[in-house]
Amino acid sequence: MTLAETGARTAPTRTGVHVATHLAAPEPGWTTHADAVVVGSGVAGLTAALELRTRVPRVVLVTKDVLASGSTVWAQGGIAAALAPTDSPEAHLADTLVAGAGLCDERAVRVLVTEGPARVRELAARGAVFDRAPDGSISLGREGGHLADRIAHAGGDATGAEVSRALVAQIEAVRDDPGIEVLEHALVVDVLTGAPGDGGRPGPVAGVTVHVIGEGSRDGVGAVLAPAVILATGGIGQVYRSSTNPVQATGDGIAAALRAGARLGDVEFVQFHPTVLWLGSAVKGQLTLVSEAVRGEGARLLDTDGVRFMPQVHPLAELAPRDVVAHAIVRRMAQTGTDHVWLDARHLGADFLRHRFPTITERLADHGVDWTTDLVPVAPAQHYFSGGVVTDLDGRTAVPGLYAVGEAACTGVHGANRLASNSLLEGLVFAHRAANHVAEAISSGTLTVVPAVPRRGEPALVAAAARARVQRVATDGSGVLRDAEGLRRALDRLGQVGTDAYVPPEDGRAVAEPQPAEWETTNVHQVATAITAAALLREETRGGHVRTDFPVPDEAWRLRQELELDADGMLTVTPVALP
């Protein structure tokens, strides 16, 4: 039973938007078998693969680039956990619920905060080197929304890189083990499913199709057949014109899950990080993040007139939840007619900044900014996706055998807005639980191999050349500030993007061939469509979803919107009461 199924469900709204149930791709040229496939090599994917390696006969770990290339590497802030004697899981739970703006599933949050400390200690035992206090304990800091010091860091501002290093080292140590195969430079095209059940919906998981980009002997498109698939594919940053996410964050797992019959939840809640280095309106792609931990150490936000404005906005000032800070910055920019504000860290001192934040110091210097003497120009940019594939407390989706963990999942932990540094912890905790459940289901025979059956409907392919257009539409329509007119216009424009680029026109020349850039762009288009449809329906402001035409929260909207495809491939949205 999924989390959503424990709450009341009302009749779905048919959006009138059709989404293809599979991508245009060549037939698999090779096949291999596994007990479980893990897709993604961030903290969640690596943790799941390591947990499964000794508990099922064969695991295949698939990653789009090299193992150390996921979003985890870029996490500067740290991992939140109640490790201090003066802290408690209950206090961590309370802070998380406040940040989630009434939409967290308290049971999921309780799992996170109670199991989190043990998972962090296990991570340290696996070789992750955390910053230590003089007494040898893990040094703990504070970030926005936390009322206690509970953020563990590594290398000052390089926590994600250290976590990734430690987990990748564990995988590398067993790479020659016959029980695990690592496919790098490999893109999962679709989740394979079995024969449809009642109502024509896809059946259980049968594996995945994978395109391996010229690495090793498994070139081109192949199939990994397995009764269990764990999606740990990260976020959706490349849906937007500007993001702190790596270029690989194209929402692949989220879109594949939707096509395979899973439900998406809370997709309208997109977190825009308030302090991203502003380098001009023409800059796009992955931008330099200035960690929230900098404000945790006392840095201040100033408008372009030099006025500090956050104390008048929220009692926690610069340490208010991220959505509050991001929206305050956007509004201040509108008031002053500018496209950035200033982050002032000069009073913290040059020695402190260089020691505490060596990575940020270096990255700012690469762009000609010396923050020991200069103000840093910053503006909000897309950072984290609070929604994802709806799961239960063990990572299970509505599709038997399909699991989702990490940023790709909607566990109910984040609600309408993620609390700072809960993301790495969520990856650790729920990947551990999902791996346990897969291992037990394989052992008991609950999950078994089923033949893959093609899904109905025409396949989709969006030309890679259309990606900039999709990003522009998503940014303008479902960016930091939204309204009905902009969202309707965005949904209409997304509907005008051609999804049949693989079909040769009358002159015999195909617009595009099925290949990674086109598959990624199709995923970006499908995720952008889902986000925009959900944002249009939610007529209130809550957390990461801000409607200027509905500027206050509405208790009637204290529910989750779940999106899925009906048997005809139409996107439907169902309001679901939270437990």
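The analysis underlying the following values was restricted to heavy atoms, covering all of them including side chains, and did not include hydrogens, waters or symmetry mates.
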Are there over 12 heavy-atom neighbours, none belonging to Gln312, within less than 6.0 Å of that residue's CD?
yes
Side-chain touch Leu97/Val109, heavy atoms, less than 4.5 angstrom
yes
What are the two closest non-hydrogen atoms of Ala381 and Leu287, and how far apart are they?
CB-CD1, 4.3 Å
CA sep, side-chain torsions, deciding dist, call: Thr244, His273, side chain to side chain donor-acceptor pair (under 3.5 Å):
CA-CA 8 Å; Thr244 64; His273 198 287; over 6 Å; no
So with a 6.0 Å cut-off around CZ of Arg489, is the heavy-atom count from everything else above 12?
yes
Would Lys64 and Ser41 satisfy side chain to side chain donor-acceptor pair (under 3.5 Å), going step by step from the backbone distance to the final call?
CA-CA 9 Å; Lys64 282 174 74 172; Ser41 61; over 6 Å; no
Within the distance-only criterion (no hydrogens, no angle test), does the side chain of Thr15 pair as donor or acceptor with the backbone N or O of Leu571 below 3.5 angstrom?
yes
Can the ring centroids of Phe385 and Phe269 be said to lie less than 6.0 angstrom from one another?
no
Check whether the side chains of Glu440 and Asn436 place a donor and an acceptor atom closer than 3.5 Å, and report yes or no.
no
Can you confirm whether Val239 sits close enough to Gln382 that some side-chain heavy atom of one is under 4.5 Å from a side-chain heavy atom of the other?
no
Given the rule in the side-chain contact (heavy atoms from CB on, under 4.5 Å) test, do Val497 and Arg469 qualify, once you have shown the distances and angles that lead to the verdict?
CA-CA 9 Å; Val497 174; Arg469 173 185 175 189; 3.9 Å; yes
I'd like to know if the side chain of Arg263 and the backbone of Thr397 have a donor-acceptor N/O pair within less than 3.5 Å.
no
Near-ring test His414/Tyr384, centroid separation under 6.0 angstrom:
yes
Steps toward side chain to side chain donor-acceptor pair (under 3.5 Å) verdict (Asn417, Ser386):
CA-CA 6 Å; Asn417 183 40; Ser386 294; 5.1 Å; no
Worked check of side-chain contact (heavy atoms from CB on, under 4.5 Å) between Asp394 and Val438:
CA-CA 9 Å; Asp394 292 314; Val438 169; over 6 Å; no
Steps toward side-chain contact (heavy atoms from CB on, under 4.5 Å) verdict (Val267, His545)
CA-CA 10 Å; Val267 296; His545 171 68; over 6 Å; no
Ignoring hydrogens, what is the shortest heavy-atom contact between Met333 and Ala379? Give both atom names and the distance.
SD-CB, 4.3 Å
Measure the OG1-CG distance between Thr522 and Leu23 for me, rounded to the nearest 0.5 Å.
5.5 Å
Atom pair CG (Asp554) and CZ (Arg542), whose distance is rounded to the nearest 0.5 Å:
8.0 Å
Taking NZ, NE, NH1 and NH2 as the nitrogens, is one of them in Arg493 or Asp476 under 4.0 Å from a carboxylate oxygen of the other?
no
Distance from Arg259 atom CZ to Thr193 atom OG1, nearest 0.5 Å?
11.5 Å
Quick check: closest heavy atoms across Ala81 and Asp87, and the distance to 0.1 Å?
O-OD2, 4.3 Å
Do Arg538 and Trp557 come within less than 4.5 Å of each other through their side chains, counting heavy atoms only?
yes
Write down the atom of Ala255, the atom of Gln526, and the distance for their closest heavy-atom approach.
CB-OE1, 3.7 Å
Among side-chain atoms of Thr411 and Glu426, is any donor-acceptor pair under 3.5 angstrom?
yes
Starting from the C-alpha separation in whole Å, work towards a yes-or-no answer on salt bridge (charged side-chain N to carboxylate O under 4.0 Å, His left out) for Glu268 and Arg482.
CA-CA 11 Å; Glu268 63 268 43; Arg482 306 162 176 177; over 6 Å; no
Any carboxylate oxygen within less than 4.0 angstrom of a Lys/Arg side-chain nitrogen, looking at Glu143 and Arg295?
no
Is there a donor-acceptor pair closer than 3.5 Å between any side-chain N or O of Thr572 and the backbone N or O of Glu564?
yes
Heavy-atom check, side chain of Leu491 versus side chain of Leu536, under 4.5 Å:
yes
Test side-chain contact (heavy atoms from CB on, under 4.5 Å), reference Leu264, set Val389, Ile531, Val527, output is Val389
Using only atom types and a distance under 3.5 Å, with no angle test, would you say the side chain of Arg560 pairs donor to acceptor with the backbone of Leu103?
no
Mind checking whether His146 and His92 have parallel, tilted or perpendicular rings, split at 30° and 60°?
tilted
Examine distances only and state if a side-chain atom of Ser444 and a backbone atom of Ala441 form a donor-acceptor pair shorter than 3.5 Å.
yes
Strictly by modelled atom types, are Gln471 and Arg241 linked by a side-chain donor-acceptor pair under 3.5 Å?
no
Taking side chain as C-beta onward, heavy atoms only, is Val399 less than 4.5 Å from Val191?
no
Is there a donor-acceptor pair closer than 3.5 Å between any side-chain N or O of Asp549 and the backbone N or O of Ala484?
yes
Does Ala535 offer a backbone N or O that forms a donor-acceptor pair with the side chain of Arg547 under 3.5 Å?
yes
Any sub-3.5 Å donor-acceptor pair from Asp566's side-chain atoms to Asp568's backbone N or O?
yes
How long is the gap from CG on Leu231 to OG1 on Thr391, to the nearest 0.5 Å?
11.0 Å
Would you indicate whether the side-chain heavy atoms of Glu122 and His432 approach each other to under 4.5 Å?
yes
Quick check for you: to the nearest 0.5 Å, what is the distance between Leu537 atom CG and Thr532 atom OG1?
11.0 Å
Near-ring test Tyr403/His437, centroid separation under 6.0 angstrom
yes
Is there a donor-acceptor pair under 3.5 Å between the side chain of Thr233 and the backbone N or O of Asp252?
no
Does Asp105 use its side chain to pair, donor to acceptor, with the backbone of Arg107 at less than 3.5 Å?
yes
Decide side-chain contact (heavy atoms from CB on, under 4.5 Å) for Val546 and Arg331; before the verdict, give the C-alpha distance in whole Å, the side-chain angles of both, and the deciding distance to 0.1 Å.
CA-CA 12 Å; Val546 178; Arg331 290 189 171 97; 3.8 Å; yes
Would you say the side chain of Val413 lies within less than 4.5 Å of the side chain of Arg418, judging by non-hydrogen atoms?
no
Looking at every non-hydrogen atom in both residues, tell me the closest pair between Gly194 and Ala206 and how far apart they are.
N-CB, 4.4 Å
In this structure, CG of Leu461 is separated from CH2 of Trp519 (nearest 0.5 Å) by 8.5 Å
Do Gln238 and Asn245 get their side chains close enough for a donor-acceptor pair, meaning under 3.5 Å?
no
What closest approach, in Å, do Ala262 and Leu402 show between heavy atoms, and which atom pair accounts for it?
CB-CD2, 4.1 Å
Are Thr13 and Thr574 packed together at the side-chain level, in the sense that at least one heavy-atom pair is separated by less than 4.5 angstrom?
no
Could you tell me whether Arg110 and Glu90 have a side-chain N and a carboxylate O separated by less than 4.0 Å?
yes
